[in-house]
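Some notes on the structure that comes next.
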Amino acid sequence: MKTLLLHADVLVTMDDARREIADGALWVDGGVILAVGRSDELSGFAALADEVHDLSGCVLLPGFVNTHHHMYQSLTRVIPAAQDAELFGWLQALYPIWAGLTPDMIRVSTQLAMAELLLSGCTTSADHLYLFPNGSRLDDSIEAAQQMGMRFHACRGSMSVGVSQGGLPPDALTEDEDSILADSRRLIERWHQPQRHAMTRVALAPCSPFSVSTDLMRETASLARSYGVMLHTHLAENDNDVRYSLARFGMTPAEYAQSLGWLGPDVWHAHCVKLDEAAIRLFAQTGTGVAHCPCSNMRLASGIAPLPAFRQSGVRVGLGVDGSASNDGAHLLGEARQALLLARVGHGPAAMSAREALELATVGGARVLGRDDIGVLAPGMSADIAAFRVDDVAHAGAAVHDPVAALVFATPGNVWKSWVDGHLLVDEGQLRKVDLPALVSSHNRLARRLLAI
């Protein structure tokens with residue numbers, strides 16, 4: 001498919017020079033961007049194009065990258081028992097409910113979460129699935145993602161240390177460690193695509209220091225590196241998380257991660273709200289990534305992550321919406337706006353600019369996931385593209401001054417058009433491959449069944 005995009009009010013490349021091109025245009029062939037420039041420079045490709053799209057009134061950006069999610073949790077949004085809890089209490093309220101998850105629920109919740117992400121301009125998402133009751137498998141979410149057409153980093157999570165061994169989850173939700181490692185091998189060999197422009201990648205992701213053993217963390221790191229796949233977990237999310245690490249391991253979370261080999265350019269950690277200065281230096285020195293989840297961190301009262309210190313030290317940072325039951329939404333542009341606002345609340349008005357927030361959502365997320373083929377609009381990059389209208393009521397009086405900053409400062413809107421791997425998945429604000437009302441109805445039916453409502 002040859003596609004020509006013309007007349008974007010501004011095309012935000014996110015390339016090394018951070019070029020922004022007025023009356024911007026893109027020429028795409030076979031899922032790869034071949035040319036970027038002004039519309040008068042690229043209009044000659046119209047005769048060769050299968051599709052030509054006029055994006056007047058739009059800002060064109062790289063598709064957003066979501067570095068941390070728990071898609072199954074869309075089934076348990078706003079559960080009353082977990083509305084007003086911090087992390088540990090929130091988990092303890094929800095673990096018994098999640099024990100009822102089925103393969104059908106994994107598939108449908110994945111598709112619902114991806115529909116929500118796609119409508120927000122997201123084109124690539126990681127998902128951290130760490131419990132597998134009633135025959136559920138990571139394959140269920142991978143197959144659902146393939147049907148949706150979204151670029152996907154499937155994280156094989158795990159929990160092996162239950163309450164009886166000093167962990168947080170119920171014993172019934174834990175797995176045998178040999179079985180975890182065997183399934184991890186199977187999934188990598190079955191699904192992982194190492195090449196550029198890959199649509200599916202697998203990462204290994206023991207859930208957290210309070211739900212897996214030291215041995216499993218070490219063995220997982222060794223296994224992942226033998227296959228060349230990435231590692232992911234939660235780290236230093238709140239004060240209780242830090243206290244648990246100090247009491248059980250005699251180390252801070254970052255020191256514990258270092259002792260296990262869980263630092264490096266092939267590792268990214270979620271949250272990291274409570275990293276101290278020494279930990280931040282360690283992350284920067286080792287190239288370790290952070291998935292910043294501002295909405296979830298606020299929802300669970302975990303705190304304000306030290307974003308300015310991360311960025312000044314050179315830590316790789318991307319955005320994550322986190323679980324749909326600890327954020328209750330999955331809107332990447334909204335997450336970028338919250339990242340800016342929360343950084344300013346915690347660290348002052350110069351802590352983050354609108355363009356820096358968009359960097360986190362695009363090229364920042366791509367780097368965290370170890371990718372050099374997404375997050376930037378440039379020749380040779382994957383054709384993952386998002387076009388947002390800025391000629392609507394939400395941007396009136398803003399887009400005339402700075403249409404790029406207006407996307408972040410004004411009310412976050414849904415994407416107007418978006419492409420993944422060169423395929424148009426959202427057209428004029430509507431999902432092309434999904435019957436959204438039917439999906440929502442199916443999802444709500446399963447959510448009621450999970451809670452036996």
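Numbers for residues simply follow the sequence, beginning at 1.
Between Gly413 and Phe388 the shortest heavy-atom distance is O-CE2, 3.5 Å. Considering all non-hydrogen atoms of both residues, Pro306 and Cys272 come closest at CD-O, 4.0 Å. Thr67 approaches Trp268 most closely through the heavy-atom pair O-NE1, 2.9 Å. Across every non-hydrogen atom of His401 and Gly397, the tightest pair is CD2-O, 2.9 Å. Annotation for Leu60 and Ala8: closest pair CB-CB, 3.9 Å, computed over non-hydrogen atoms. What you find for His53 and Thr3 is that their closest heavy atoms are CD2-CG2, 3.8 Å.
Enclosure of atom CD in Gln430 is not indicated, since only 12 or fewer non-hydrogen atoms of other residues, nucleotides or ligands lie within 6.0 angstrom. With a 6.0 Å radius and a threshold of 12 heavy atoms from other residues, nucleotides or ligands, Asp435 has its CG atom above the threshold. Heavy atoms from other residues, nucleotides or ligands lying under 6.0 Å from CD of Gln195 number more than 12.
Aromatic ring centres of His232 and His153 lie farther apart than the 6.0 Å criterion allows.
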Under the side-chain contact (heavy atoms from CB on, under 4.5 Å) rule, what do His395 and Asp392 come out as? Steps first, then yes or no, please. CA-CA 6 Å; His395 298 92; Asp392 57 359; 2.6 Å; yes
Decide side-chain hydrogen bond (donor to acceptor under 3.5 Å, both in side chains) for Ser302 and Asn297; before the verdict, give the C-alpha distance in whole Å, the side-chain angles of both, and the deciding distance to 0.1 Å. CA-CA 5 Å; Ser302 295; Asn297 295 343; 4.8 Å; no
Give the C-alpha distance, both sets of side-chain angles, the deciding distance and a yes or no for side-chain contact (heavy atoms from CB on, under 4.5 Å) between Leu358 and Leu333. CA-CA 8 Å; Leu358 290 172; Leu333 183 56; 4.1 Å; yes
Determine, stepwise, if the pair Leu300 / Glu237 fulfils side-chain contact (heavy atoms from CB on, under 4.5 Å). CA-CA 10 Å; Leu300 297 176; Glu237 185 167 351; 4.1 Å; yes
side-chain hydrogen bond (donor to acceptor under 3.5 Å, both in side chains) assessment of Ser326 paired with Ser296: CA-CA 5 Å; Ser326 63; Ser296 177; 3.1 Å; yes
Would Glu335 and Asn327 count as a side-chain hydrogen bond (donor to acceptor under 3.5 Å, both in side chains) if you check the C-alpha gap in whole Å, the side-chain angles of each, and the deciding distance to 0.1 Å? CA-CA 10 Å; Glu335 203 72 37; Asn327 180 333; 2.9 Å; yes
Is there a side-chain hydrogen bond (donor to acceptor under 3.5 Å, both in side chains) between Asn414 and His331? Walk through the geometry before answering. CA-CA 8 Å; Asn414 278 354; His331 198 291; 3.2 Å; yes
Start with the C-alpha distance between Gln193 and Met199, add both sets of side-chain angles, then the distance that settles side-chain contact (heavy atoms from CB on, under 4.5 Å), and finish with yes or no. CA-CA 7 Å; Gln193 299 169 350; Met199 290 296 293; 4.0 Å; yes
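By the 4.5 Å heavy-atom criterion applied to side chains, Ser324 and His69 are counted as neighbours. In this structure, Tyr227 and Val202 have side chains that are not in contact, with every pair of non-hydrogen atoms separated by 4.5 Å or more. In this structure, Leu42 and Leu26 have side chains that are not in contact, with every pair of non-hydrogen atoms separated by 4.5 Å or more. Using a 4.5 Å heavy-atom cutoff, the side chains of Met71 and Leu129 are not in contact. Using a 4.5 Å heavy-atom cutoff, the side chains of Gln111 and Gln147 are in contact. Residues Leu231 and Arg225 are in side-chain contact: their nearest non-hydrogen atoms beyond the backbone lie under 4.5 Å apart. A heavy-atom distance below 4.5 Å is found between the side chains of His347 and Ile304. Contact check for Met14 versus Met381: no side-chain heavy atoms found under the 4.5 Å cut-off.
Applying the salt bridge (Lys or Arg N to Asp or Glu O under 4.0 Å) test to residues at least two apart or on different chains, the pairs with a partner in residues 366-387 are Arg151-Asp384, Arg196-Asp372, Arg371-Asp373.
Distance alone, capped at 3.5 Å, places no donor-acceptor pair between the Glu20 side chain and the Val12 backbone. Between the side chain of His292 and the backbone N or O of Leu307 there is no donor-acceptor pair closer than 3.5 Å. Looking at Arg337, its side chain does come within 3.5 Å of a backbone N or O of Val408 through a donor-acceptor pair. Ser39 places no side-chain N or O within 3.5 Å of a backbone atom of Leu6 that could act as its donor or acceptor partner. Checking side-chain atoms of Thr288 against main-chain N and O of Gly264 turns up a donor-acceptor pair under 3.5 Å. With Arg316 contributing its side chain and Pro265 its backbone, the two residues share a donor-acceptor pair below 3.5 Å. A donor-acceptor contact shorter than 3.5 Å links the side chain of Ser226 to the backbone of Leu223. Checking side-chain atoms of Arg201 against main-chain N and O of Pro194 turns up a donor-acceptor pair under 3.5 Å. Counting only distance, with no hydrogens or angles, the side chain of Arg299 and the backbone of Ala325 share a donor-acceptor pair below 3.5 Å. With hydrogens and angles ignored, the 3.5 Å screen pairs no side-chain donor or acceptor of Asp9 with any backbone N or O of Val59.
The aromatic rings of His68 and His70 sit perpendicular, their planes meeting at an angle over 60°, well past the 30° parallel limit.
The distance from the CD1 atom of Ile280 to the OG atom of Ser313 is 6.0 Å, given to the nearest 0.5 Å. Annotation: the span from Trp419 atom CH2 to Leu425 atom CG amounts to 10.5 Å, rounded to 0.5 Å. A distance of 12.0 Å separates CD1 of Ile106 from CZ of Arg137, quoted to the nearest 0.5 Å. Separation of atoms OH (Tyr72) and OG (Ser141) is listed at 12.0 Å; rounding is to 0.5 Å. With values rounded to the nearest 0.5 angstrom, Cys207 atom SG is found 7.5 Å from Leu91 atom CG. Here the CE-OG distance, from Met114 to Ser74, works out to 11.0 Å after rounding to the nearest 0.5 Å.
Using a cutoff of 4.0 Å between basic side-chain nitrogens and carboxylate oxygens, Arg77 and Asp328 are not scored as salt-bridged. Here Asp104 does not pair with Arg445 in a salt bridge; the nearest charged N to carboxylate O distance is not below 4.0 Å.
Paired with Glu356 under the rule salt bridge (Lys or Arg N to Asp or Glu O under 4.0 Å), one option of Arg311, Arg18, Arg344 passes, and it is Arg311.
His7 and Ser56 are not linked by any side-chain donor-acceptor pair at a separation below 3.5 angstrom, with hydrogens and angles left out of the test.
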